[in-house]
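Naming convention: chains lettered A, B, ... in sequence-line order (proteins, then strands); numbering from 1 in each chain.
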Number of protein chains: 2
Amino acid sequence: MLAIGEFSRLTHLSVKTLRRYHEAGLLVPAAVDRATGYRSYDASQIPTAQVIHRLRELDVPLADVRRIIESTDAGSRAALVSDHLARLEAELDRTRAAVVSLRRLLDPDPVPLRVELRAVPEVTVAAIEADVDSDAMGAWYAGALAELEAAVDVRMGPAGGVYDNVLFEEGRGHVMLHVPTPDPPRRGRVHPVTLPPVELAVATHVGPHDDADVTYGELGSWVVANALAVSGPVRETYLVTPTEDPDPSAWRTEIGWPIFRMS
Amino acid sequence: MLAIGEFSRLTHLSVKTLRRYHEAGLLVPAAVDRATGYRSYDASQIPTAQVIHRLRELDVPLADVRRIIESTDAGSRAALVSDHLARLEAELDRTRAAVVSLRRLLDPDPVPLRVELRAVPEVTVAAIEADVDSDAMGAWYAGALAELEAAVDVRMGPAGGVYDNVLFEEGRGHVMLHVPTPDPPRRGRVHPVTLPPVELAVATHVGPHDDADVTYGELGSWVVANALAVSGPVRETYLVTPTEDPDPSAWRTEIGWPIFRMS
DNA sequence: ACGGGACTCTCCCCCAGGGGGAGGGGGCAG
DNA sequence: CTGCCCCCTCCCCCTGGGGGAGAGTCCCGT
């Protein structure tokens with residue numbers, strides 16, 4: 001049996017950290033002296049400690065580490081681990097996108113943005129709606145688009161989306177994905193929605209959605225500079241989507257902000 | 001001029017976060033109403049906000065973000081940014097190493113460790129010593145090894161290291177890198193050191209140093225199982241180093257733990 | 001049997017980088 | 001004038017630790 005200090009030396013985990021893992025139920029000492037509170041570890045706990053160490057290096061939250069450690073079944077453990085590796089992959093993608101976007105932002109001569117005013121009439125579409133966390137948007141978008149495409153026979157134009165502003169302010173909000181079609185069906189999550197007419201300031205965003213906020217910002221500057229004001233949820237139109245071109249740099253999204261004139 | 005809520009919508013930064021950035025001096029509103037405390041932002045601050053957003057996505061600390069934002073010179077700004085990108089690269093390397101090591105740890109049939117007891121006589125070597133943070137170890141090791149190799153003409157064996165145990169417990173400790181040579185010189189940081197004789201439990205670690213702690217743990221288990229105890233700093237011997245083979249999976253390090261018999 | 005030093009215990013405060021919510025003032029339209 | 005929405009500050013919460021105080025324990029040597 002090993003005292004906490006020896007166990008610390010053997011695992012390269014600090015004494016503080018070992019105590020915290022005990023408290024969290026992650027790595028419970030093989031024995032705790034009732035009288036003194038002294039923790040005793042068994043040498044057989046060293047491999048577990050090292051798995052925890054590796055998972056923490058990968059920024060796996062302690063709660064998830066516990067799930068992995070406690071899963072006795074090798075299969076479910078492997079599944080949990082590969083879940084997290086997939087999460088790391090996704091994070092890496094986001095990091096790459098942020099680097100690309102940062103370079104563009106620091107580019108000394110930026111591409112000027114073209115903004116167009118457009119009056120959009122009332123239209124009835126097939127839509128799917130939900131309240132979504134912004135970090136779950138990617139998955140929701142893919143699923144909803146697939147369901148819409150399966151439910152709609154005749155498409156009369158590109159798909160679009162309507163995004164509540166609180167989504168961007170608070171990370172969660174009402175979103176709607178829609179496809180224009182005659183006589184929209186009502187099947188599964190798909191149902192008809194009538195979009196009200198609006199006047200939009202429209203700019204086209206080229207590239208992956210990760211840096212759409214840059215176009216949002218430029219659009220916002222333009223709106224402010226032209227003495228207009230924003231009212232209501234953002235409308236997006238997907239001109240080129242992953243379905244049509246797998247290369248993210250080819251994607252084209254129209255971003256339309258409902259405006260009214262500040263008289 | 002924009003109220004904080006509008007600015008939030010335009011930049012996709014939450015109101016809370018904007019206030020925090022104001023407090024941190026990162027993004028100071030163009031005007032603050034003396035009487036009410038209301039913050040007003042100018043549309044020209046949107047690009048700055050987006051650069052900050054990107055840098056935070058890359059986990060750049062707020063203090064460093066401030067340095068980047070405040071550097072008016074485009075050259076020094078680019079240098080600061082690429083510093084952080086290099087840091088991200090290094091972190092990515094560590095993540096990759098952790099993934100590899102994790103897979104090995106979860107491997108159902110692990111490679112058994114061979115441990116050898118070895119009596120090491122007193123020896124006088126050319127050495128460089130320092131107190132080092134464990135996250136600065138890599139850089140320190142490379143620099144010290146280069147200086148040692150330049151200072152020593154005749155090498156009588158592979159280089160070695162002596163590592164204080166507190167380095168692993170507290171993340172900082174005394175370390176020594178040494179090369180056996182006749183008549184050790186005294187030049188720059190290099191000076192002669194006489195290493196006392198010890199009895200070592202020795203195991204060979206194959207692969208990059210990132211998962212050396214796994215071998216440490218196995219060695220520790222063996223030492224405990226054989227009713228021995230550890231005393232004194234760890235000794236390492238570098239049999240195959242990056243100098244000899246650039247492939248990390250070919251590196252070989254002997255890890256030796258000074259022991260004494262618990263009679 | 002008794003020091004003394006090394007070890008361990010709990011408890012509290014600190015950090016970054018935010019989020020949640022309370023409680024109170026400001027501004028504008030109906 | 002009265003809602004209602006916006007904004008303010010202030011405080012506590014989260015994760016995953018680190019630092020240090022003050023007190024109790026263990027064990028070795030004498």
Side-chain angles (χ1 to χ4, degrees), chain A residues 1-9 11-27 29 31-41 52-66 133-135 165-166 168-173 229-232 260 262-263, chain B residues 1-9 12-27 29 31-41 52-53 55-66 133-135 165-166 168-173 229-232 260 262-263:
Chain A
M1 297 296 269
L2 302 158
I4 197 169
E6 298 173 86
F7 197 72
S8 162
R9 255 162 272 149
T11 58
H12 296 175
L13 291 165
S14 77
V15 170
K16 285 277 194 186
T17 300
L18 287 173
R19 284 202 270 254
R20 184 168 297 270
Y21 290 172
H22 178 193
E23 192 184 356
L26 257 188
L27 186 63
V32 178
D33 189 305
R34 281 271 161 221
T36 67
Y38 274 35
R39 297 166 177 86
S40 292
Y41 294 85
I52 296 174
H53 198 166
R54 285 298 173 283
L55 291 171
R56 286 299 308 137
E57 282 182 349
L58 299 176
D59 283 329
V60 176
L62 288 188
D64 298 9
V65 172
R66 183 142 60 110
D133 289 321
S134 53
D135 46 347
N165 279 315
V166 304
F168 305 118
E169 291 170 51
E170 297 170 15
R172 180 176 182 82
V230 174
S231 76
F260 65 93
M262 296 175 70
S263 53
Chain B
M1 296 296 269
L2 303 158
I4 196 169
E6 297 173 86
F7 197 72
S8 163
R9 254 162 273 150
H12 296 177
L13 291 165
S14 78
V15 171
K16 284 277 193 186
T17 301
L18 286 172
R19 284 201 270 254
R20 185 166 298 270
Y21 290 172
H22 177 193
E23 191 183 357
L26 258 188
L27 186 62
V32 178
D33 189 306
R34 281 272 161 220
T36 67
Y38 276 36
R39 295 167 178 84
S40 292
Y41 293 85
I52 296 174
H53 197 167
L55 292 171
R56 287 298 308 137
E57 281 181 349
L58 299 176
D59 282 330
V60 177
L62 289 188
D64 298 8
V65 172
R66 184 142 59 110
D133 289 322
S134 54
D135 46 346
N165 279 314
V166 304
F168 305 118
E169 292 169 51
E170 297 170 15
R172 180 176 183 82
V230 174
S231 75
F260 65 93
M262 296 176 70
S263 53

Discussion item. What I want to check is whether an N or O donor and acceptor connect the side chain of Tyr21(A) with the base of dG17(D) at under 3.5 Å.
Written reply: no
Response to the item:
The side chain to side chain contact (heavy atoms under 4.5 Å, CB included) partner of Leu55(B) among Val60(B), Asp64(B), Leu26(B) is Val60(B)
Discussion item. Let me spell it out: for each of Gly37(A) and Arg19(B), pick the nucleotide of DNA chain C with the closest heavy atom. Which residue's pick is nearer the 5' end?
Written reply: Gly37(A)
Worksheet entry | Interatomic distance, Asp33(A) CG vs dT25(D) C1' [rounded to whole Å] | 10 Å
Worksheet item: Between Gly25(B) and Arg66(B), which heavy-atom pair has the shortest distance, and what is it?
Response: O-CD, 3.5 Å
Response to the item:
Heavy atoms of Ser8(B) and Leu13(B) approach each other most closely as OG-O, 2.8 Å
Item to complete: Would you kindly check whether a donor in the side chain of Lys16(A) faces an acceptor in the base of dG20(D), or vice versa, at under 3.5 angstrom?
Response: yes
Practice prompt. Can you tell me the distance, in whole Å, between the CD1 atom of Ile52(A) and the P atom of dG17(D)?
Written response: 11 Å
Worksheet, complete the sentence: Here the distance between atom C1' of dG16(D) and atom NE2 of His53(A), to the nearest Å, is 13 Å
Worksheet item: What's the CD-P distance between Glu169(A) and dC7(D), to the nearest Å?
Response: 8 Å
Worksheet item: At under 4.0 Å between heavy atoms, what does Ala35(B) touch on the DNA or RNA strands: base, sugar-phosphate, or nothing?
Response: nothing
Response to the item:
Whichever of Ile4(B) and Arg20(B) has the more 5' nearest nucleotide on DNA chain D, that residue is Ile4(B)
Response to the item:
Separation of dC8(D) atom C1' from Arg34(B) atom CZ, nearest Å, is 15 Å
Item to complete: Provide the start and end nucleotides, 5' to 3', of the part of DNA chain C that has atoms under 4.0 Å from heavy atoms of chain A.
Response: dC7(C) to dC11(C)
Item to complete: Assign Arg56(B) to base, sugar-phosphate, or nothing according to its heavy-atom contacts below 4.0 angstrom with the strands shown.
Response: sugar-phosphate
Item to complete: Assign each of Leu62(B) and Ala3(A) to its nearest nucleotide of DNA chain C by heavy atoms, then name whichever residue's nucleotide is nearer the 5' end.
Response: Ala3(A)
Item to complete: Mind calculating the distance between CZ (Arg66(A)) and C1' (dG16(D)) to the nearest angstrom?
Response: 15 Å
Practice prompt. Go through Thr11(A) and Tyr41(A) one step at a time and tell me if the side-chain contact (heavy atoms from CB on, under 4.5 Å) criterion holds.
Written response: CA-CA 11 Å; Thr11(A) 58; Tyr41(A) 294 85; over 6 Å; no
Worksheet item: Any side-chain heavy atom of His53(B) sitting closer than 4.5 Å to one from Glu57(B)?
Response: yes
Practice prompt. Quickly work out the Glu23(A) CD to dG18(D) P distance and round it to whole Å.
Written response: 14 Å
Worksheet item: Does Arg54(A) reach the side chain of Leu58(A), with side-chain heavy atoms less than 4.5 Å apart?
Response: no
Item to complete: Starting from the C-alpha separation in whole Å, work towards a yes-or-no answer on side-chain contact (heavy atoms from CB on, under 4.5 Å) for Val32(A) and His22(A).
Response: CA-CA 11 Å; Val32(A) 178; His22(A) 178 193; 3.9 Å; yes
Item to complete: Search all heavy atoms of Tyr21(B) against all heavy atoms of Ile52(B) and return the closest pair with its distance.
Response: CE1-CG2, 3.6 Å
Worksheet item: Would one find a side-chain N or O of Arg39(B) under 4.0 angstrom from OP1 or OP2 of dT9(D)?
Response: yes
Item to complete: Please determine if a side-chain N or O atom of Thr17(A) lies less than 4.0 Å away from the OP1 or OP2 oxygen of dG18(D).
Response: yes
Practice prompt. Would you mind reading off the distance between Leu18(B) atom CG and dT9(D) atom P, rounded to a whole angstrom?
Written response: 13 Å
Practice prompt. Have a look at Ala24(A) and say if it touches a base, only the backbone sugar-phosphate, or nothing, with a 4.0 Å heavy-atom cut-off.
Written response: nothing
